[in-house]
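Have a look at the structure below, then the notes.
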Amino acid sequence: MSHRIGLPHMRFWTLVRRAFPFAVVTAVAVSALIATPDTAPTQTSQAAAPRPATLHELDVPATQAPDVPAASAAPATPSPSPSTPERSEVRQQAVPPATTAPGKAGPQKSGPEKDGTDEVATLPRTTVRPFSMVGVTWARGGEDFDVKVALRKNGTWGAFQTLDTDRDAEADAGPEVGRAGTDPLWVGSADGVAVRVTSPSGERPADLKVATIDPGRGSDVAPAAATVGQPKIISRSSWGAKGPTKGNECSAPVYGASTLGAVIHHTAGNNDYTKAQSAGIVRATQAYHTGARGWCDIGYNFLVDKYGQIFEGRRGGIAKQVRAAHSGNGPVNERTVGISMMGTYSKVAPTAATKKAVADLVAWRFSLAKLKATGTYTLGGLRLNRIVGHRDVLSTECPGAAAYAWVTSSGSTGLRQEVARRLAGSSSTPSTPTPPTTTPTSGKDIKSLAAAIGSEKLGKLVRKEWGNSVQRRAIYQNMDLLWTKAAGAFSVTSVVRREWHRTGEQGGRLGFPISSRSSTGDANVKYQRFQKGSVYIVGTGSATKAYAIYGPIFESYKTVKGTSGPLGAPTSTVLRDRTGYQRVTFAKGYMEYSEGSRAVSTWYKNGSSPDQLTVPSDRSVVISGRGFGHGIGMSQYGAQGAARQGKTFKQILASYYPGTSLAQRSGSIRVLVGDATSSTVTVRARSGLVFRTLASSSGTTLPTSSSGTPITNWRIRVSTADATKSVLEYRAGSRWRVFRDRIWRGSAQFQASSLGLVLPNGSVREYRTAIRSALPASGSKERKTVNVLSLDDYTRGVVASEMPSSWQQEALKAQAVAARTYAVRTLMPSRYYDVCDTTSCQVFKGLSGETANTDKAVAATRGSILTYQGKPALTQYSSSSGGASAPGSAPYLKAHLDPFDGWSGNANRSWRVVVKASTIERAFPKVGTLRSLTVTQRDGTGDWKGRVVSIRLTGSKGTQTVSGPDLRFALGLKSHYFRLG
């Protein structure tokens, strides 16, 4: 089976020819509301922004022991421009193995501690720029390490102290796996660092780095609260958060379908920081998470200092279920709130102020999600309490023994009990009866609307009217009243009110109301319109439910006539169906939105869907698809897309082949030359050309002339007298002559630094090292042409043929490693060749195909291959994944959404073809006249639930079920990642 498809279409002229414009729809995340009574509900109250700082990164490659393969490098952090807002400073130094001689930066290290384990890496005492936070990271693939650091503060070196490590964080960390590493340690101020890494098993961490972080200088921060029950929270803009890099995983926040619980952490580090230093700790933590761990933003949703200050963490909205990277378990990250207490709480309990703030915060978030403080749920392969410590999710010290005792205590002062009391005593969304239909729901302004409704129906005033000249709000016990200049004043009450609160109120998914409740064609369905969607009220009496629909699904729902259309009324709100996809179910089908491709697909219960198609009267079958090739492993367009985002080749490889490691491999390879179809091997004569039979260890340097006549060509041909023998001949003038009666049995070859192979059509192609006339088997009467050369020289010819040389160097480097690794797996000494030179293996055009830019990428990765459990990995790749990588036959060839494939230059990302039914009938004649097509199985990853595994063809003679790949090749489709219609 070919390992990659469609690559001839990737040459530059083809890319230009096939390029086409398209529109990109950008999803805009709405920031959370943080306001005071004197400000508009959508404005954010914030203090003056901190003074800008800079981020620097020093990346020194680690020294590896000769027998230990290297692994993926740390994610690179783009250098900021002079105009970039506040950034924290990160400096990374590679930690050499223990055998490395100490550097000159500081005194010799003292001897290792005798703890019964092997010291596998060490950084001697080293002077660095002043820093306030430190952490250690390494490439994924091993976690059995104990990491200790020693610091120099005020000119004095301290003792080594252990850094917390997430032992099994790689198992299911979700899309932000990044680099393995320790928790960051806040140190206050230091200018020297030393590192020791020990391992009970002797396992050596690959690509080990120590990161020292300068948080920059901040200014005063101002916490604020915006809604009833919400504690005061310091916004990201106030503490000086670094915004997301354009195009990274956090540029558009990812949201979980709902909140299921909370996970409590501690940041580790000194507890003697001042209140003014807290914002710096948060900035430094974000810098470590993004610059050293490779995450796209700070890992926590919130951070709480010992003074009770709450800091907004990951971007996306304080009232929303933003997926973060705090727990090391992908599903848990997506459906829980991660709250980290700033400090170390192994022996010292959190302060009273910290406890109160954490309890207030958890209670507020649980009230929005309608959760109780107690109870359990199952997620990410775990059975968890609603409120847990980080150690309940992973093997880690976090949040410290003393803090964990408070979190899990069954006493009256335990966190769960504190949250339960708050939930029982104050709900931000009180449940009230539905107001009578005579209650006015709209008005010119809030005051006149309130007067029309009356105090009896409104209930007690909870918060008086506030806002600005554009939008305003007032909160009553039984309803919210909101006004916008564009639409007027409306009430939000009962089940609609609860649903609106759940989605984040006016700063959330729906925005402000722009209508009162309206009727539909169904007496049991009503709706209320908001700025960004609608809440549908379905049912009557106690069975009434409210479902919020917003975003792209709402816009698509409107185009099919909403509740009066073929889908009917909603039966759910917007839910996270699976990672990267949102779904809303309706009475007669469902809609699914892909956050990657930004496409909405619709399934109907009557059979009209991406999986079912009745052949129309014009006998034309429309097929829309994604990607080019099988989609397993690396997407070449995806590699270029990742490189355009600043990803290194190691990061690209780690994304497409997770769990593999870099290693070194040298040697030679034998390439079957597919265009050399003759049994005769002919090369151009040139100075230094050598002939050698494989039975001989030495060769003969061939002359360039004969009796004064220049020799133009040399050839090895099959003997006419005995086809099991070969003859060496040369051409001088117009005649071919036998050279010194050279006749032999077995294989032989021409050798030179470069050779001009004459192909049967008369063209000449240049190759390196050796061109062999090979016997496919002993006694064979035919010969095959084989190019024998080094692995790196072979890789030069492959990369230039497989990927446009104008592409980014990091993409070309990733292609070089993948191509070299794929070649190593093909080595087969028992066969006369190792690899072919076509798309059935890897395209290889020899020296003639090489370019300076691709040669540079090959040289930069010289000898590098990917290994898995010590063996060369199967590095399959294809032109384009279409936004979702397909599952392969190896553990590291995982099905996953591909965030890099969808850049504007990828003409293979999406495609559409019209196939005549007669074409399908000729390919599958058993079905007769084709009547319908039904997809019976998909692989589960990507739009429409992934690639087609099997599809049923129904016709006048019967049915036939074929595989998705078989249909693809029969119809000439780009991939089997497609939908019908």
Side-chain angles (χ1 to χ4, degrees), residues 133 164 183-188 215 218 220-225 229-235 238-239 261-286 298-314 318 324 326-327 336-366 373 385-392 396-423:
M133 183 174 282
D164 288 351
D183 287 342
L185 179 71
W186 177 260
V187 301
D220 292 338
V221 292
Q230 177 193 314
K232 292 184 177 181
I233 298 173
I234 296 169
S235 68
S238 189
W239 61 257
V263 180
I264 309 301
H265 306 255
H266 70 169
T267 60
N270 295 339
N271 290 19
D272 58 356
Y273 56 88
T274 66
K275 189 174 183 179
Q277 288 177 316
S278 293
I281 296 176
V282 180
R283 290 196 301 274
T285 302
Q286 184 190 40
I298 193 168
Y300 309 116
N301 297 105
F302 298 94
L303 298 93
V304 181
D305 70 5
K306 68 177 184 178
Y307 303 97
Q309 296 185 114
I310 303 173
F311 293 82
E312 177 187 6
R314 176 153 297 205
I318 59 173
H326 55 90
S327 76
T336 66
V337 182
I339 301 171
S340 187
M341 299 177 293
M342 294 158 58
T344 297
Y345 300 106
S346 299
K347 298 180 181 179
V348 178
T351 66
T354 300
K355 290 180 178 179
K356 180 181 183 302
V358 171
D360 289 345
L361 180 58
V362 174
W364 171 63
R365 284 300 305 264
F366 276 24
N385 286 293
R386 291 294 179 189
I387 303 172
V388 296
H390 189 195
R391 63 173 62 182
D392 292 322
T396 176
E397 162 67 15
C398 184
Y404 185 73
W406 168 63
V407 170
T408 59
S409 172
S410 59
S412 61
T413 58
L415 176 58
R416 292 167 185 162
Q417 285 65 37
E418 289 284 356
V419 172
R421 279 196 295 274
R422 285 163 170 77
L423 291 173

*Identify the two heavy atoms, one from A357 and one from G308, that lie closest to each other, and give their separation to 0.1 Å.*
CB-O, 3.4 Å
*Say you draw a straight line from CD1 of I281 to CZ of F311; how long is it, rounded to the nearest 0.5 Å?*
8.0 Å
_NZ on K306 to OG1 on T351, rounded to 0.5 Å_ = 8.0 Å
*Take the angle between the ring planes of H390 and H265 and call it parallel below 30°, perpendicular above 60°, tilted in between.*
tilted
_Check whether W406 reaches the backbone of T413 with its side chain - one donor and one acceptor, N or O, closer than 3.5 Å._
yes
*Is there a donor-acceptor pair closer than 3.5 Å between any side-chain N or O of R365 and the backbone N or O of G261?*
no
_So, taking the atom named CH2 in W239 and the one named CG in L303, what distance separates them when rounded to the nearest 0.5 Å?_
7.5 Å
*Check the pair I264 / L415 against side-chain contact (heavy atoms from CB on, under 4.5 Å), numbers first and verdict last.*
CA-CA 10 Å; I264 309 301; L415 176 58; 3.9 Å; yes
_Just so I know, are the side chains of F302 and V358 near enough to count as touching, which here means a heavy-atom distance under 4.5 Å?_
no
_Shortest non-hydrogen contact between V263 and G389, atoms and distance_ = CG1-C, 4.2 Å
*How about V407 and I387: do any of their side-chain heavy atoms sit closer than 4.5 Å?*
yes
*Does some side-chain heavy atom of Y300 sit less than 4.5 Å from a side-chain heavy atom of V282?*
no
*Considering non-hydrogen atoms only, spot the tightest contact between A420 and A373 and give its length.*
N-CB, 3.6 Å
*With sequence neighbours left out, what residues match H266 under ring pair (Phe, Tyr, Trp, His ring centres under 6.0 Å)?*
none
With a cut-off of 3.5 Å and sequence neighbours excluded, list every side-chain donor-acceptor pair involving residues 338-347.
residue, atom, partner, partner atom, Å
S340, OG, T267, N, 3.3
T344, OG1, G269, N, 2.7
T344, OG1, G269, O, 2.7
Y345, OH, M342, O, 3.1
S346, OG, E397, OE2, 2.9

*Would you give the length of the straight line joining atom CD of Q277 to atom CG of D305, rounded to the nearest 0.5 angstrom?*
11.0 Å
*Looking at CD of Q417 and OG of S409, how far apart are the two atoms once the value is rounded to the nearest 0.5 Å?*
6.5 Å
_Among T354, I234, I233, which residue satisfies the side chain to side chain contact (heavy atoms under 4.5 Å, CB included) criterion with I310?_
I233
*asked:* Testing the basics here: between R314 and I298, what is the closest heavy-atom pair and its distance to 0.1 Å?
replied: NE-O, 3.0 Å
*Output the distance between atom CE (M133) and atom CG (D183), rounded to the nearest 0.5 Å.*
10.0 Å
_side-chain contact (heavy atoms from CB on, under 4.5 Å) for D360 and E418? Distances and angles first, verdict last._
CA-CA 8 Å; D360 289 345; E418 289 284 356; over 6 Å; no
*Cation-pi check, R386 to F366: give yes when NZ or CZ is under 6.0 Å from the six-membered ring centre and within 45° of the ring axis, no otherwise.*
no
*Is a side-chain N or O of R422 found less than 3.5 angstrom from the main chain of V362, in a donor-acceptor match?*
no
*Mind listing the closest non-hydrogen atom pair of W364 and P231 along with its distance?*
CB-CD, 3.8 Å
